[in-house]
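Throughout, protein chains are lettered first and strands after them, A, B, ... in sequence-line order, and every chain is numbered starting at 1.
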Amino acid sequence: MRVEFFLFDTDYLQKEGQVLVRFFGKTEEGKTVACFFEYEPYFYVLPQDPNKAEREIKELLKDKKVKLKRMEKVTKDLEGQEREFLKVFCELPQDTQKIRDEIKKLEKRRGGSGSVEEEYEYSINFYRRFLLDEKIDGSCWLQVKGEPFESNLNADLTIKGREIKVLERVKPPALKLLSFDIETYEKAGKKNIIMLSLWGEKLKKVLTYHQGNFPPWVEVVDSEKKLLERFVEIVNSYDPDIILTFNGDAFDFPVIQERMAQNKVKLVLSRDGEEMKFTRRARVSSARIKGRVHIDLFTFIRNILSPNLQTEVLSLDAVSSELLGDQKIEMDYQELLESWQKKKDLAKLAEYCLKDSELTFKLASLLLPQILEISRTVGQLPFDTSRMTYGQLAEWYLTRKAVEMGKIIPNQPKWEDIKKRKTFTYAGGFVKEPIAGLHENVAVLDFRSLYPSIIATFNISPETLNCSCCENKTNYKVPETNYWFCQEKKGFVSQVIKELIEKRALLKEKLKTIDRESLEARFLDNRQLSLKIVANATYGMFAFAGAKWYCRECAESCTAFGRHFIKQTIKEAENKGFTVVYADTDSCFIKEPESRGDLFQETEEFLNYVNKKLPGILELELQGIYKRGIFIPRGTAPGTAKKRYALIDENDNLVIRGLETVRRDWCNLAKEVQRQVLVYILKNKEVNKALNYVRNVIKMLRKRQIPLKDLTIYEQLTKPISSYKQIGPHVVAAQKMLKRGRPVGEGMLVMFAITQGEGSISERAEPIEDVTCEMIDESYYIDNQIIPAALRVLQVLSVSKEKLLGEALF
DNA sequence: ATGAATCGGGG
DNA sequence: GTGTACGATTCAT
């Protein structure tokens, strides 16, 4: 039989000593497909002498528990050199590590005979190995030939695959999406789930167990246990392909797992009957559900999207506002607790809970196509890809290219090497301090993908660094360094990046020829965006100490070339009579003297002039023209502080960078003050109104007219209370709660306010239940909350603390 | 002053 | 499946 389906999840399993790779996917008609393949685990050994090594390896493993299947001699490219390797086939996936641990004893440096020099690719996960070798994109259309296969999976079609082919088709079938969200309430130091909402194309539901005046989409059950059981039932009967959460890896799933265990309910959401499992990652674990894809949008947004967002706060509320123009229902945590406790306004609580799922679902409609395209580019599963950092994306892209090109994948560095690598620092991008204040008519120029262009143009790659063949050529030296890169042979990384850039340029050309609103355009756009993301990630990967293709000199050379070209651009601009208001790494903000005419035309001419001189694929582009811009110098630590500026274009569109501080460890009042000030200043330029507003807030604080809930600060107790070395305000508040006989647990959200009295800020932190308005230390709130929040924006217009406060005294 | 420790996001 | 951010705030020295 032959089946065509869209792949979205893969894993492997062992059955009676047999190893099978398993694919999950969906056909055009909406049928769920599970597909099994046989495959052999293996890794590579670099021998000193292949025959001797083969003999010694056999001898070494003779009496061991782990057995190797067989060995083959193969030729592979190692760091640009053709070498002979032994390909060692194993019985089970976990055996590659075990057998490698035996074989490494033959290395000379470990006291062996020296017949073996090194081992490679022994720690690549088995299903990833399969995807790499079969050249399968992480999420793509496949054609599989095979036979029907017995299984007890929740799938319409189960096949044992024989042949597999990647199809060109791009558009995924209609995948079924389901988002969910929980609300919790702390009781005796433990979180209880009080509400759970679900949102899908054809499903809107809230589960809870307090009676209330609810709309029909609320289902009231008897208890938390029933709620959890219903959740499992609903998910399985809705049978989604993709499950979406916002911070589900670190919050919703851990809480659900803990409550399921407490209530003795099994958390079976998978298509193979297995319980949800956490797969370990660097810091947090990821909740994995076999046969479906759990995508935690928060992880993806934090790792990949955040540099391109204006908001610095990655809350569901802030991200939804920016990307969807839609917000959470306003309800602070105290209100939520009160609502549940007193069983009042429970309908609002349900609305609030449902809205979170709705926002998560809507964000997914926007972001899932992007995630799937990135997954196709790097050739890894959507589950894995959506959780990768920038560097990992680059690394996996290089990994698939290396396999395609018959190259050995470098080993991950050892812990000591990582530590050593981390001790080196090097110069970053060049920053020209901004001319502080307000500027009219500013053109923003930037280098298109500066670092990838430099890597491609100057052949920057670990193996081309300081080659012996080009030592005496002087025209390819990296500025301000003693490095050079080979001019004779292409480097691996540079070649791959060059192809990536060219592919993207082609896509962008094609995009120009088709309707921007068409479905095809949306795909092409996500495709080119994914290429851009991977290309941009490569520079950072060079500098990341844990990377397989780590190369400090390569990273250093990128920034050195970058500094060279931005400085040159600044000089050229000044020669042409422009004023350079600000420049940073790859961008340059210019304005022209008032006597001159059309900024747009002048800028275009300047760009033409500069671009003729630039080498290779380096190109300076017009990013935008703004009628007004405000810039803030970096302050005390040059080179470390983030960009801070605000721009307004002809159509009153705002671009704000680095002016936001509002997180939950700030009180509501501070958040509101900052929001109001931003509105006054940047939208309407009403500076005096903003000043008066802030002064009025300060007055109200002094008169104690601000409700307590706007002064509450929320901070999490991330570890057991006894293990704190530095006792911060939230820790002190928690200690006081404990002393007063209230339960305190790890992971608890501590609510407190700063009160008057003796000692440090921390010592004056009081649990919110024990605070009255009279106790509030108004000067803390004025100096540490209101003024910093307001000044962050107001300093743009050179308003000082004194000016803000001075007149408030009258 | 400067450095170390801690936090965010979710509820 | 080894391990990644980073800027701001407060305590500690």
Report the distance from atom [atom1] of [X] to atom [atom2] of [N], rounded to the nearest whole Å.
X	N	atom1	atom2	answer
A:Tyr714	B:dT6	OH	P	24 Å
A:Ile721	B:dT6	CD1	C1'	14 Å
A:Glu312	C:dA8	CD	P	8 Å
A:Asp317	B:dG8	CG	P	17 Å
A:Asp332	B:dG10	CG	P	14 Å
A:Glu416	C:dG3	CD	P	12 Å
A:Asn303	B:dG8	CG	C1'	14 Å
A:Arg302	C:dG7	CZ	C1'	15 Å

(message) I'd like to know if A:Asp326 pairs up with A:Lys355 as an ion pair, taking the criterion as any Lys NZ or Arg NE/NH1/NH2 lying under 4.0 Å from an Asp or Glu carboxylate oxygen.
(response)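 Yes, this pair counts.
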(message) Tell me whether A:Asp356 is salt-bridged to A:Lys328, with the criterion being a basic N under 4.0 Å from an acidic carboxylate O.
(response) yes
(message) Tell me if the centroids of the rings in A:Trp666 and A:Tyr714 come within less than 6.0 Å of each other.
(response) no
(message) Tell me if the centroids of the rings in A:Phe361 and A:Phe180 come within less than 6.0 Å of each other.
(response)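 No - the distance between ring centres of A:Phe361 and A:Phe180 does not fall below the 6.0 Å cut-off.
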Of all the choices, [options], which nucleotide is nearest to the side chain of [X] once you look at every atom?
X	options	value
A:Gln392	C:dC11, C:dG1, B:dC7	C:dG1
A:Gln716	C:dC11, C:dT9, B:dG8	B:dG8
A:Phe251	B:dT6, C:dC11, B:dG10	B:dG10
A:Ser762	C:dC11, C:dG3, B:dG9	C:dC11
A:Ser123	B:dG8, C:dT2, C:dT10	C:dT2
A:Ser315	C:dC11, B:dG10, B:dT6	B:dG10
A:Lys719	C:dG3, B:dG9, B:dT6	B:dT6
A:Trp415	C:dG3, B:dG10, C:dG1	C:dG3

(request) Verify salt bridge (charged side-chain N to carboxylate O under 4.0 Å, His left out) between A:Arg129 and A:Glu121, making sure each step is shown before the conclusion. (result) CA-CA 9 Å; A:Arg129 174 88 269 170; A:Glu121 304 190 13; 2.8 Å; yes
Classify [X] by what it touches in the nucleic acid, base, sugar-phosphate, or nothing, heavy-atom distance under 4.0 Å.
X	value
A:Thr718	sugar-phosphate
A:Gln94	nothing
A:Gly546	base
A:Tyr780	sugar-phosphate
A:Leu336	sugar-phosphate
A:Ile418	nothing
A:Gly540	nothing
A:Thr389	base
A:Leu314	sugar-phosphate
A:Tyr724	sugar-phosphate
A:Lys548	nothing
A:Ile193	nothing
A:Phe298	base
A:Ile194	nothing

(message) Between A:Ile727 and A:Gly747, which residue's closest nucleotide on DNA chain B lies nearer the 5′ terminus?
(response) A:Ile727
(message) Any N or O donor-acceptor pair under 3.5 Å from the base of B:dT6 to the side chain of A:Glu715?
(response)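 Donor-acceptor pair under 3.5 Å: no.
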(request) State whether the distance check finds a donor on one side and an acceptor on the other, under 3.5 Å, for side chain A:Gln412 versus base C:dT2. (result)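 Side chain to base: pair found, below 3.5 Å.
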(request) Quick one: do A:Arg110 and A:Glu107 satisfy salt bridge (charged side-chain N to carboxylate O under 4.0 Å, His left out)? Show the steps, please. (result) CA-CA 5 Å; A:Arg110 297 185 210 262; A:Glu107 293 171 20; 2.9 Å; yes
(message) Looking at B:dC7, I'd like to know if its phosphate oxygens (OP1 or OP2) sit under 4.0 Å from a side-chain N or O belonging to A:His730.
(response)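 For B:dC7, OP1 or OP2 has a side-chain N or O of A:His730 closer than 4.0 Å.
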(request) Look at A:Arg792 and C:dA8 and indicate whether a side-chain polar atom (N or O) is within less than 4.0 Å of OP1 or OP2. (result)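 For A:Arg792, the contact criterion (side-chain N or O under 4.0 Å from OP1 or OP2 of C:dA8) is met.
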(request) Take A:Asp11 and A:Lys290, measure what salt bridge (charged side-chain N to carboxylate O under 4.0 Å, His left out) needs, and give me the verdict at the end. (result) CA-CA 8 Å; A:Asp11 61 3; A:Lys290 298 279 175 74; 3.7 Å; yes
(request) Verify the stacking flag for A:Phe544 against C:dT4: centroid separation must be under 5.5 angstrom and the ring planes must differ by under 30 degrees. (result)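 By the stated criterion, A:Phe544 and C:dT4 stack.
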(message) I'd like to know whether CD of A:Glu330 has more than 12 heavy-atom contacts from other residues, nucleotides or ligands below 6.0 angstrom.
(response)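 Atom CD in A:Glu330 is not crowded, with 12 or fewer foreign heavy atoms closer than 6.0 Å.
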(request) Take atom C1' in C:dA5 and the same atom in B:dC7, then report the distance between them in whole Å. (result) 13 Å
(request) Determine the interatomic distance between P on B:dG8 and the same-named atom on C:dG1; round to the nearest Å. (result)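 So the two P atoms sit 32 Å from each other.
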